[in-house]
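Presented below is the structure to which this report refers.
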Amino acid sequence: MKLVPYWLDTAEPSGDYRRTPVPENVDVAIIGAGFTGLSAALEFAKQGASVAVFERHTVGWGASGRNGGMATTGLAIGFSTAVKRYGAPRAVEMFREYNDAIETIEKLVHDNGIDCDYKRFGKLSLAFHKSHYDGFLKSQELLANLVDHHVKVIPKSEIHSEIGTDFYQGAMMDPLGAGLHVGKFVHGLAKVAADNGADICENASVTELKRVSGTVHDVHTTRGITRAKQVLVATSGYTGNVTPWLQRRVIPVGSFIIVTEPLPEDVVNRILPNRRQASDSKMLTYYFRITPDNRLLFGGRARFAMSSPESDVKSGEILHKAMTELFPYLANAKVDYIWGGLVDLSMDQMVHAGVHDGLFYSLCYSGHGVQMAAHMGKRMAHYMAGDKQANVWEDLKNPPVPGHFGPPWFLPFIGAAAKVIDRIK
């Protein structure tokens, strides 16, 4: 059993960027070599800008290589909640931005010849309680009436057409959801960005940002100093004390995943016959899919804890128990991979992107980052070039988490509250 992400273990690295020289001057410095940072780097390079990407570890080491490999429609808060909170016109704009985000991935894959097993399998949302199924029916009506977006609601009596378990009270299927091998995708992005002139510097942890004037900063790294006309922070759940204003607004929550050994074709056909990208409606959500080589990837917020080898193993045991509760016929399936990573939540579970004190940022994807991170990298390149219409999230208030100045001491309390909500709703 390997304590590394399946995606990174089964992807060929695009290159060794540990010795890429740190340039003295660039137009744009980007912190983080994940989907946001690399997508932005590619777009900046295509615009003719000089750009350097600084990564503390290696390409895709963070959230971009540790997720479920799902690019799905919809906001983290749900469309109905978005309508109540922001009004119908704004909620529609936000919902469509997620559809556009999937199309951004599709275009990046197609235009750049990135071989990453991308396909529109469809998104399967699973109702944990009967009230959640009723909510699906309301969402179906709202989406059709306000967005002209059509989903299928599946009653419990017909659920075996989509999933081989009786655990759920019904489902909603959106055909636009996609799946991809995120390890191959992130390395494909890195290669294309580097081929277009971007400097990718691995093992180059940013230790200090010294503001010179306006948006100009001296970026101090463990491998040298770069003066950048603009800086984009793209550190997701790994945002730290180099950017304290942002750190106070990011809640890093552990999300954990196990991946089985390759399974027989008849077994995967029973689990997810249509190969949907599946997740359920619990606060402590489970999400799962079939990998390109017929393994079951099964993930969730098994515990509201940070990721570490010990924590990952404990969470893996919880997830294995959950997996066999849903699919008892997998009791003897061997687990080949266990890993964890950090999801970047915000107080309002919305994307936050913009500029503060001369630093640009795009963060807080709240578990929906595969598509939105890649999309916002491209969007931020245009936003930073002066196109304010490129950033639909700019006007959202971005309050700090009360009492959050470093390690998230409050996670156990959030986890306890989530367990209670899952029992009663």
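The side-chain hydrogen bond (donor to acceptor under 3.5 Å, both in side chains) check on Ser366 picks up nothing, with sequence neighbours excluded. Looking at residues two or more places apart in sequence or on another chain, you find no side-chain contact (heavy atoms from CB on, under 4.5 Å) involving Lys321. In terms of the side-chain hydrogen bond (donor to acceptor under 3.5 Å, both in side chains) criterion, residue partners of Arg295 (sequence neighbours excluded) are, by chain and number, Asp293, Asp336. Checked against side-chain contact (heavy atoms from CB on, under 4.5 Å), Asp387 has the following partners two or more places apart in sequence or in another chain: His382, Gln389, Ala390. Not counting sequence neighbours, the partners of Ala373 by the side-chain contact (heavy atoms from CB on, under 4.5 Å) test are Phe35, Thr36, Tyr365. Residues passing the side-chain contact (heavy atoms from CB on, under 4.5 Å) test with Ala381, sequence neighbours excluded: Glu43, Phe44, Gln47. For Asp395, the salt bridge (Lys or Arg N to Asp or Glu O under 4.0 Å) partners at least two apart in sequence or on another chain are Arg90.
Using bins of under 30°, 30° to 60° and over 60° for the plane-to-plane angle, the ring pair Phe288/Phe298 lands in the parallel bin. Between Phe128 and His132, the ring-plane angle classifies as tilted under the 30° and 60° cut-offs.
Pairs of residues two or more places apart, or lying in two chains, that qualify as side-chain hydrogen bond (donor to acceptor under 3.5 Å, both in side chains) and include a residue from residues 240-254 are Trp245-His356. Screening residues 61-83 for ring pair (Phe, Tyr, Trp, His ring centres under 6.0 Å) gives His57-Trp61, Trp61-Tyr238, Phe79-Phe95 as the qualifying pairs, with residues at least two apart or on separate chains. Screening residues 162-190 for side-chain hydrogen bond (donor to acceptor under 3.5 Å, both in side chains) gives Thr10-His181, Ser14-His187, Thr73-Asp174, Asp117-Lys184, His149-Asp174, His160-Asp166, Glu162-Asn274, Glu162-Arg276, Tyr168-Asp280 as the qualifying pairs, with residues at least two apart or on separate chains. Residue pairs meeting the salt bridge (charged side-chain N to carboxylate O under 4.0 Å, His left out) criterion with at least one member in residues 219-245, sequence neighbours excluded, are Asp27-Lys229, Asp218-Arg227.
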Output a table of donor-acceptor pairs, distance under 3.5 Å, between side-chain atoms of residues 81-89 and any protein atom two or more places apart or on a different chain; print 'none' if there are none.
residue, atom, partner, partner atom, Å
Thr81, OG1, Ile77, O, 3.2
Arg85, NH1, Asp348, O, 2.9

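For the atom pair Asn391 CG and Met380 CE, the distance stands at 5.5 Å (nearest 0.5 Å).
At a cut-off of 3.5 Å, with distance as the only test, a side-chain donor of Glu394 or Tyr383 sits close to an acceptor on the other residue. Side-chain polar atoms of Tyr98 and Gln371 form no donor-acceptor pair below 3.5 angstrom. For the residue pair Asn112/His110, the side-chain donor-acceptor check at 3.5 Å is not satisfied.
Side-chain contact between Tyr337 and Met1 is absent, with no heavy atoms from C-beta onward closer than 4.5 Å.
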